[in-house]
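A short write-up of the structure that comes next.
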Amino acid sequence: MLHIEPPPADPPEGATAKGAADGECRTSAASGGGRRTRRNDPDRKTHILDATLDVIAERGVAGTTHRHIAARADVPLGSITYHFAGLTDLQTQAFARHVELQSAVFENLFEGVEAHEQFVDVLVDLVHGGPARQRSAVLGFELHLAALRNPGLRALTQAWTEHSRTVLAHFTGPDSAARLDALLEGMIMHALLTTAPESRETTRDAIDQTLGPAGRPGT
C-alpha cells in the first residue's frame, strides 16, 4: 500500500482552545444573560466521540466536519478543539472507541456457545444482522478505508483483526479462524452492497465449507 501522509488538520472556523474553555460554561450575551450554554461535564469528550461515530456512519469520513459533529453532539463548536487537536485526532480517537466497544460486543456474542450449530448460528446472524450491526459494519469499513489514506490507523485495524481471530480461534483453531475472519468480512461487505441478498442457508453453507471438519467446534 502507498504510504500517504495525512494532511494536517485545520481547526474549525473561528474556534480556539481558549474560546472552547470559556464556552464550556458561559452566559449567552445574545439572550441577555438569561441562557447558559451546556455546563462542562466529565463525559463531554466521550459524548463528542460517540457523535463523531454517528456522523461518520451517516456521511463517511470524507463528509465529516467539526460543525456536523458539534451539531450532533449539541456542544459549542469551540468545545471540539478544546478536547481534540484536530479533525484527524478526533476521528482516530472515535475509531479507537468503536474498535474497543465492538471487540467487546463480538466476544460477548459467543457466550454460552458450545456446539457447532450454535457457533454457525451466531456467525450467520452476524452477516444478516439488523440496523445496529449494519451501522457497526459501515463504521468498520470506513475505518479500513481511512487506514488506506492514514497509515497511523493501520495499527488499530491490525489489532482489531487479531482480536477477532483470537476470539474465533477459541472455537476453530488459528488457521481456520483466519480463513473464517476473511470470509465473514467479505460476506458482510457483500450484504451491505448487494441488491439481491443471499439466503441464510447459502451463508451457512459457505461458513461450513470454510470451517471444514477440522475447524468445527467440538471436533
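All values derive from a computational prediction rather than experimental measurement.
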With no hydrogens and no angle check, is any side-chain donor or acceptor of Q118 less than 3.5 Å from a backbone partner on E114? yes
Looking only at side chains, do D205 and Q209 share a donor and an acceptor under 3.5 Å apart? no
Are L139 and L153 grouped together when hydrophobic residues (ILVMFWY) are joined by side-chain heavy atoms under 4.5 angstrom apart? yes
State, with a plain yes or no, whether a side-chain heavy atom of V105 is found less than 4.5 Å away from one of L101. no
Measuring only between side-chain heavy atoms, which start at C-beta, is T64 closer than 4.5 Å to L90? no
Is it the case that the side chain of H47 and the backbone of A73 share a donor-acceptor pair, with hydrogens and angles ignored and the cut-off at 3.5 Å? yes
So, E162 versus Q158: side-chain donor-acceptor pair below 3.5 Å or not? yes
Would a 4.5 Å heavy-atom cut-off, applied to side chains only, mark L49 and F84 as touching? yes
Before accepting this row, confirm whether a basic side-chain N of the pair R133/D125 lies closer than 4.0 Å to the acidic partner's carboxylate O. no
Drop me the distance from R59's CZ to R72's CZ, to the nearest 0.5 angstrom. 8.5 Å
Got a second to check how far Q91's CD is from N150's CG, nearest 0.5 Å? 9.0 Å
Least distance between heavy atoms, P76 atom then R44 atom: CD-NH1, 3.8 Å
Evaluate the criterion side-chain contact (heavy atoms from CB on, under 4.5 Å) for residue pair V99 and L143; output intermediate values, then yes/no. CA-CA 9 Å; V99 168; L143 167 57; 3.7 Å; yes
Please report the shortest heavy-atom distance between W160 and Q102, naming the atom on each side. CZ2-CB, 4.0 Å
To check you understand the geometry: which heavy-atom pair defines the closest contact between A177 and A169, and what is its length? CB-N, 3.6 Å
Is the shortest side-chain heavy-atom distance between E185 and S164 below 4.5 Å? no
What is the ring orientation for F110 with F119, classed by angle as parallel under 30°, tilted 30 to 60°, or perpendicular over 60°? tilted
Heavy atoms from other residues, nucleotides or ligands near CD of E100 exceed 12 (cutoff 6.0 Å): no
Using a 3.5 Å distance criterion without hydrogens, assess whether the side chain of T202 forms a donor-acceptor pair with backbone atoms of E198. no
Atom CD1 of I188 and atom OG1 of T203: how far apart are they, to the nearest 0.5 Å? 10.0 Å
Is any NZ, NE, NH1 or NH2 atom of the basic residue among R204 and E117 found under 4.0 Å from an Asp or Glu carboxylate oxygen of the other? yes
Note, R135 side chain near L53 side chain (heavy atom, < 4.5 Å): yes
Whether the side chain of H68 engages the backbone of G63 through a donor-acceptor N/O pair (distance < 3.5 Å, no angle test) should be reported. yes
What's the separation between atom CE in M187 and atom CG in L123, rounded to the nearest 0.5 Å? 10.0 Å
Does L156 share a hydrophobic cluster with L148, counting links as ILVMFWY side-chain heavy atoms below 4.5 Å and allowing steps through other members? no
With the side chain counted from C-beta on, respond yes when I48 and S79 share a heavy-atom pair under 4.5 Å apart, and no when they do not. yes
Can you tell me how far CD1 of I207 sits from CG of D121, rounded to the nearest 0.5 angstrom? 9.5 Å
Spatial distance of atom OG1 (T81) from atom NE2 (H66) [nearest 0.5 Å]: 7.0 Å
Among side-chain atoms of E107 and H163, is any donor-acceptor pair under 3.5 angstrom? yes
Derivation and outcome, side-chain contact (heavy atoms from CB on, under 4.5 Å), residues R154 and T157: CA-CA 5 Å; R154 292 177 195 168; T157 58; 4.3 Å; yes
H116-D208 side chain donor-acceptor pair, cut-off 3.5 Å: yes
Counting distance only, does the side-chain N/O of T172 pair as donor-acceptor with the main-chain N or O of L168 below 3.5 Å? yes
